[in-house]
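Below is one structure; the comments refer to it alone.
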Amino acid sequence: MIRIYDERRRGTTKVFVVIKDNKVSSVVIGNQSVSTDRGFQFYVDNYVAEQIHKCELYIDGLTPKLRVKEGETLFV
């Protein structure tokens, strides 16, 4: 499991996952970014944001979470 944060902290980057037709359609990354679409916003460690293409979003109860895709490896 990849650690996500509800608020900005030192060493984190904002990730906004855009949801269209109940599927992830795009990902907006950056602390100054603003999305007007429906989706999920959270913060991840900077090294995760740089490798977000290796991650997948899933929902645990009402909480969005990230995990590494099968066959991928995150480098710290």
Side-chain angles (χ1 to χ4, degrees):
M1 186 176 78
I2 298 169
R3 188 165 189 187
I4 64 171
Y5 307 93
D6 294 331
E7 61 219 14
R8 187 173 180 193
R9 299 178 182 192
R10 177 174 282 153
T12 64
T13 301
K14 179 170 61 172
V15 173
F16 189 89
V17 180
V18 179
I19 305 296
K20 291 191 179 179
D21 298 323
N22 295 321
K23 296 180 183 177
V24 174
S25 69
S26 63
V27 179
V28 181
I29 301 170
N31 290 329
Q32 301 301 316
S33 63
V34 176
S35 180
T36 57
D37 295 310
R38 181 178 66 147
F40 298 101
Q41 175 181 303
F42 45 83
Y43 293 85
V44 296
D45 293 311
N46 291 337
Y47 75 91
V48 174
E50 295 168 358
Q51 302 173 78
I52 199 73
H53 62 281
K54 297 179 180 180
C55 303
E56 62 185 1
L57 176 74
Y58 70 100
I59 306 300
D60 183 14
L62 297 175
T63 305
K65 295 188 176 184
L66 290 174
R67 61 182 162 217
V68 178
K69 291 178 184 176
E70 188 173 328
E72 296 285 358
T73 303
L74 286 184
F75 298 99
V76 180

Under 3.5 Å, which donor-acceptor pairs link side chains of residues 62-71 to any protein atom two or more places apart or in another chain?
from	atom 1	to	atom 2	distance (Å)
K65	NZ	D60	OD2	3.0
R67	NE	E56	OE2	2.9
K69	NZ	H53	O	3.1

Under 4.5 Å between side-chain heavy atoms, hopping through other hydrophobics if needed: is there a path connecting [X] to [Y]?
X: Y58; Y: Y5; result: no
X: I52; Y: F16; result: no
X: I29; Y: V17; result: yes
X: V15; Y: L74; result: yes
X: V27; Y: I59; result: yes

Summary of salt bridge (charged side-chain N to carboxylate O under 4.0 Å, His left out) pairs that have at least one residue in residues 4-13, sequence neighbours excluded: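 Output for this query is empty, none listed.
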Quick one: pull up CG in D45 and CD in Q51 and give me the separation to the nearest 0.5 Å.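 These two atoms lie 11.0 Å from each other.
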Atom CZ of F42 and atom CZ of R3: how far apart are they, to the nearest 0.5 Å?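 Those atoms lie 14.5 Å apart.
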4.5 Å side-chain heavy-atom contact, S25 and I19: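 They are not in side-chain contact.
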Report all side-chain donor-acceptor pairs from residues 30-40 shorter than 3.5 Å, counting only partners two or more places apart or in another chain.
from	atom 1	to	atom 2	distance (Å)
N31	OD1	K14	N	2.7
N31	ND2	T12	O	3.3
S33	OG	G30	O	2.6
S35	OG	D37	N	3.2

Who passes side chain to side chain donor-acceptor pair (under 3.5 Å) against Y47, sequence neighbours left out?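 Applying side chain to side chain donor-acceptor pair (under 3.5 Å) to Y47 gives none.
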